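All of these numbers come straight from a predicted model, not from anything done at the bench. Numbers here are sequence positions counted from 1.
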Amino acid sequence: MADVKAAPVKKDSFFHRLHVGTGALDVVGKRKRWYVFFAILILVCVGSIVFRGFNLGIDFTGGTRISMPAHGAHGDIAVSQVQDVFKNTLGFEDAATQTVGTGGASTIQIRSETLNPAQVTKLKDALFGRFQPLNSSGQPSERAISDSAVSASWGGEISQQALIALAVFLVLVTIFLALYFEKWMAVAALAALVHDIVVTAGVYSIVGFEVTPATVIGLLTILGFSLYDTVVVFDKVRENTRGLLGLTRRTYPEAANLALNQTLMRSINTSLIATLPVLGLLVVGVGLLGVGTLQDLALVQLTGIIAGALSSIALATPVLVDLKMREPQFQQQAARVRARRDNLARKAAEREASPAPAAAAALDEDLATTDDESLEAELRQERAMAAASSVPARNPKTAAAQRRGRPAGKHPGRPSGKRRR
């Protein structure tokens, strides 16, 4: 009888495996490439922070703020016109000029370096002479133009309190993760958080966004998002690696990569959905309302969400795998997995090289029996671990009992205790 070749197994498409989480991306296996990418990214950001610095707002450097209504006797007042008056009057450009609010309540705010009283008076006279802003009664008035001095100490106090809050947050997060998960997961999550902080700060330094107290507050908010995504991935890693040391089906890196793929679509969808309100802040808050504070919050949150999603997917889990694989018990378990696979590969090669059909059939039966016995032993261990952790386990015995035609869990030879009538 001619040999019948088995039909080749059709491999699912990349997007199907990505959707169902069956290992579309080998993130852990190619973690060295990701390490190189993150190292270059962090070096660029740190270099920009050290050599280029930040564009600090007047809340940190000190300065003068001048406000006036955005409606004058000759109509609406444009920001570009105010900037021209400022430059022509004082001989240098302002730090920032923007329209705040909408409708009749809209105002124009001018921020600049610290001005002396003579410069403030000269600028206010020039603004009133050019635009004649209207007061609350609808009449032109010089009193409609106000000025205030901003001290650099206020921004410094905000920064100091933010750094204290950041330090307390990192300490509490580390303790929580170490107690809820384990120490290596806490270290890996902390590494991802540090990456998010450095990259977000580096982007602000590279692009030249103005750093305000709202920027510092927004930086603290993105840490919670990044931590949430990392915890979701680590929880799946812990579930997939429960009782792994007694099994030989897959290694810790393979189980962690499977957990990463199983939560990958959730991470991507969460990040995409989180960017929608941030984009809403940019479009509505800045483009329509002209609120500068919303711009500061939206920019730092958009940068942080992207950096946090990237670190939780491609940095936290690979770092965790490298830390775990330093432990001898996981190295020994990986060696047992490789030995089992080498044994199966050797037997499969012997089966293909055997010229006699009877010998090949015997090898197939021996290979299947050995594999089935190993898998059955692993399933028993998984059920024991799942029962100890109150996690539902797979029960292939129920399906086998149903195929044999009797209900699972009932023994026909055992008395039920009920009296027959």
Side-chain angles (χ1 to χ4, degrees), residues 9 11 17 21-35 178 181-188 233-264 314 316-354 359-397 399-400:
V9 180
K11 189 176 181 180
R17 288 182 287 123
T22 55
L25 298 177
D26 187 13
V27 177
V28 175
K30 300 178 180 178
R31 57 187 180 275
K32 291 185 178 180
R33 300 181 183 178
W34 287 107
Y35 289 160
F181 291 115
E182 57 171 305
K183 62 177 181 179
W184 293 134
M185 287 189 176
V187 173
V233 178
F234 281 179
D235 189 65
K236 192 63 178 178
V237 171
R238 183 178 62 173
E239 178 183 342
N240 285 6
T241 58
R242 184 182 292 114
L244 186 69
L245 292 176
L247 306 177
T248 58
R249 188 179 308 176
R250 59 175 64 97
T251 62
Y252 190 93
E254 293 170 348
N257 189 76
L258 178 61
L260 186 62
N261 279 272
Q262 290 171 339
T263 57
L264 184 60
T317 304
V319 170
L320 172 64
V321 168
D322 281 332
L323 293 174
K324 293 291 289 185
M325 291 307 295
R326 296 174 60 184
E327 300 181 1
Q329 59 268 30
F330 287 98
Q331 296 177 1
Q332 296 171 3
Q333 190 268 345
R336 292 195 300 269
V337 173
R338 288 192 296 268
R340 177 176 178 271
R341 291 175 179 175
D342 292 341
N343 185 36
L344 294 178
R346 178 179 56 81
K347 291 184 177 181
E350 292 177 356
R351 177 197 59 190
E352 294 178 357
S354 177
L363 285 173
D364 286 341
E365 183 178 358
D366 179 65
L367 182 62
T369 302
T370 304
D371 195 26
D372 290 342
E373 291 175 353
S374 301
L375 293 179
E376 182 64 26
E378 292 184 3
L379 285 174
R380 287 197 298 269
Q381 293 187 24
E382 285 187 1
R383 288 196 296 271
M385 285 293 185
S389 305
S390 299
V391 177
R394 293 171 291 175
N395 190 3
K397 188 178 295 184

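Exactly one of V237, V319, V233 qualifies for a side chain to side chain contact (heavy atoms under 4.5 Å, CB included) with M185. That residue is V237.
Distance alone, capped at 3.5 Å, places no donor-acceptor pair between the R31 side chain and the T317 backbone. A distance-only check finds no donor-acceptor pair linking the side chain of Q333 to the backbone of G246 [under 3.5 Å]. Under a 3.5 Å cut-off, the side chain of R250 and the backbone N or O of A334 do not form any donor-acceptor pair. A distance-only check finds no donor-acceptor pair linking the side chain of N240 to the backbone of A256 [under 3.5 Å].
The minimum heavy-atom distance between P253 and V321, with the atom names listed, is CG-CG1, 3.6 Å. Scanning all heavy atoms of the two residues, the minimum distance from F234 to A188 falls at CZ-CB, 3.8 Å. Across every non-hydrogen atom of V337 and L247, the tightest pair is CG2-O, 4.4 Å. Between A314 and V27 the shortest heavy-atom distance is CA-CG1, 3.9 Å.
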Show your working on side-chain contact (heavy atoms from CB on, under 4.5 Å) between D322 and W184 and close with a plain yes or no.
CA-CA 10 Å; D322 281 332; W184 293 134; over 6 Å; no
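Of the N and O atoms on the side chains of R340 and N343, not one donor lies less than 3.5 Å from an acceptor on the other residue.
Taking a 6.0 Å sphere around CZ of R33, one finds it holds 12 or fewer heavy atoms contributed by other residues, nucleotides or ligands.
For the atom pair CZ of R249 and CZ of R336, the computed distance is 14.5 Å after rounding to the nearest 0.5 Å. Here E254 contributes atom CD and D26 contributes atom CG; the two are 9.0 Å apart, rounded to the nearest 0.5 Å. Rounding to the nearest 0.5 angstrom, the gap separating the CG atom in N257 from the CD atom in Q262 is 10.0 Å. Distance check, rounded to the nearest 0.5 Å: CE of M325 to CG of L323 gives 11.5 Å.
F330 places none of its side-chain heavy atoms less than 4.5 Å from the side chain of T251. The shortest distance between side-chain heavy atoms of L320 and Y252 falls below 4.5 Å.
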